[in-house]
Amino acid sequence: MKTAVIQFPGSNCDMDGVHAAGAVIGQQAVPVWHTETSLEGFDAILVPGGFSYGDHLRSGAIAAHSPVMKEVKRLAEKGVPVIGICNGFQILTEAGLLPGALGRNNSLHFLCHDVHLRVETTHSPFTNQYQKGQIIKIPIAHNEGSYYADSETLNRLEGEGLVAFRYVTPDGHEVLEGNPNGALNNIAGILNEKRNVLGMMPHPERYVEKLLGNTDGLGVFESLLEYVAGGVK
């Protein structure tokens, strides 16, 4: 598997993404500057976290218009798996690849700590190596991670099983105490209609090795590898 990890001015989780999608699972991951216009030959695309363009205007608003995003959209429409993490999630919503938006945390504070997620579906290129209902612990680090969408969009996401991850308490309860940022329906990650585009606010790439103290994020990258290898459809 060869993964393109897009780099924007202000990206700061790009090399973490290269490590997780590359060396950790024994595959190839390549940093790609945002001015690139062709991503031919890549099996997957990772849009990493950070503060693209210093979060000017809105988080992800400028990056969504970078030259490479036209190519990301084209390949996403062809079915190439695309994952956006944190600022990458914000960029994918700003680019129209995922519905809804990410607003300020309800505390109005930057948050950086572990959260618990419930895996809501295993029917995707990014979650097939988890168990449905599995509780995992993944870190967050964001100021604007509160997922918002209108009621029609929320109903569609819920009805079509497009919520990938949901914030919960350690014992799996979907209550306010488990929701770090006020996201509607405790949503931490969503899929597009084709299920080949995932946006999530928590950082799975930060928990992929025992050296880091937790490997709960490894399943995202192992799922992607299994999907690209043809083991999961």
Side-chain angles (χ1 to χ4, degrees), residues 45-53 55-66 69 72-73 76-77 79 81-111 115-127 130 132-133 136 138 140-169 172-204 220:
I45 299 168
L46 192 160
V47 185
F51 299 91
S52 58
Y53 294 92
D55 280 352
H56 288 305
L57 300 181
R58 293 184 308 278
S59 299
I62 299 176
H65 296 279
S66 288
M69 291 307 297
V72 173
K73 290 180 183 179
E77 289 173 359
V82 177
I83 176 174
I85 299 170
C86 197
N87 188 223
F89 187 9
Q90 296 160 346
I91 293 170
L92 295 183
T93 58
E94 290 285 347
L97 282 164
L98 289 169
L102 284 308
R104 291 288 302 275
N105 300 336
N106 58 356
S107 65
L108 301 183
H109 292 293
F110 183 88
L111 301 174
V115 297
H116 289 85
L117 307 177
R118 186 173 66 213
V119 179
E120 296 293 84
T121 178
T122 58
H123 180 37
S124 85
F126 318 95
T127 57
Y130 291 110
K132 184 176 173 61
I136 60 176
I138 301 287
I140 57 170
H142 60 247
N143 193 44
E144 298 179 6
S146 180
Y147 183 75
Y148 175 84
D150 58 40
S151 57
E152 181 181 350
T153 300
L154 283 176
N155 289 337
R156 182 174 58 80
L157 291 172
E158 298 287 358
E160 297 180 9
L162 298 176
V163 176
F165 298 105
R166 206 182 303 272
Y167 298 113
V168 294
T169 59
H173 293 295
E174 182 189 330
V175 294
L176 183 61
E177 288 75 12
N179 185 339
N181 52 36
L184 294 181
N185 292 19
N186 283 39
I187 288 175
I190 60 169
L191 299 158
N192 68 340
E193 291 182 359
K194 293 182 179 178
R195 297 177 175 270
N196 68 306
V197 178
L198 168 70
M200 62 186 297
M201 287 309 300
H203 287 265
V220 170

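These values consider heavy atoms only, across backbone and side chains, with no hydrogens, waters or symmetry-generated copies. Treat the numbers as computed from the prediction; the structure is a model and nothing was measured.
Using a 4.0 Å cut-off between charged side-chain N and carboxylate O, R166 and E158 make a salt bridge. With respect to the salt-bridge test (charged N to carboxylate O, under 4.0 angstrom), the residues E144 and R58 do not qualify.
A donor-acceptor pair under 3.5 Å is absent between the side-chain atoms of N186 and the main chain of E174, judged by distance alone. Within the 3.5 Å criterion, the main-chain N or O of T127 finds a donor-acceptor partner in the side chain of S124. A donor-acceptor pair under 3.5 Å is formed between the side chain of K132 and the backbone N or O of E120. Side chain of K194 to main chain of G79: no donor-acceptor pair is present (N/O by atom type, distance under 3.5 Å, no hydrogens or angles). In this structure a side-chain-to-backbone donor-acceptor pair under 3.5 Å is present from N179 to A183. Between the side chain of N105 and the backbone N or O of P180 there is no donor-acceptor pair closer than 3.5 Å.
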Could you walk me through whether L191 and H123 pass side-chain contact (heavy atoms from CB on, under 4.5 Å), step by step?
CA-CA 10 Å; L191 299 158; H123 180 37; over 6 Å; no

Does the side-chain contact (heavy atoms from CB on, under 4.5 Å) test come out yes or no for T169 and H116, once each step is laid out?
CA-CA 6 Å; T169 59; H116 289 85; over 6 Å; no

After noting the C-alpha distance and the side-chain angles of N87 and D55, does the key distance pass the side-chain contact (heavy atoms from CB on, under 4.5 Å) rule?
CA-CA 9 Å; N87 188 223; D55 280 352; 4.0 Å; yes

Pair V220-F165, side-chain contact (heavy atoms from CB on, under 4.5 Å): steps then yes or no:
CA-CA 11 Å; V220 170; F165 298 105; 4.3 Å; yes

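Looking only at side-chain heavy atoms (C-beta outward), S59 and H142 stay at 4.5 Å or farther from each other. A 4.5 Å side-chain heavy-atom check between M69 and L92 finds at least one atom pair inside the cut-off.
Smallest separation of non-hydrogen atoms from S66 and Y53: OG-OH, 3.4 Å. Nearest heavy-atom pair across R195 and G161 is NH2-O, 3.1 Å. A pairwise comparison of heavy atoms in G182 and N106 identifies CA-ND2, 3.4 Å as the closest pair. Here the shortest heavy-atom pairing between A76 and L97 reads CB-CD2, 3.9 Å. Contact detail for P202 and A188: the closest heavy-atom pair is CD-O, 3.6 Å.
Each of V119, L117, T121 was compared with Y130 under the side chain to side chain contact (heavy atoms under 4.5 Å, CB included) criterion, and only V119 meets it.
Atom CD1 in I45 sits 12.0 Å away from atom CD1 in I83 (nearest 0.5 Å). Note: I136 CD1 to R118 CZ = 12.0 Å, rounded to the nearest 0.5 Å. The CG atom of N143 sits 10.0 Å away from the SG atom of C86 when rounded to the nearest 0.5 Å. To the nearest 0.5 angstrom, E160 atom CD is 12.0 Å from I190 atom CD1. With rounding to the nearest 0.5 angstrom, the CD1 atom of I91 is 11.5 Å from the CD1 atom of I85. We find the CG-OG1 distance between L102 and T93 to be 5.5 Å, quoted to the nearest 0.5 Å.
With 3.5 Å as the limit, one finds no donor-acceptor pair spanning the side chains of N185 and Y147.
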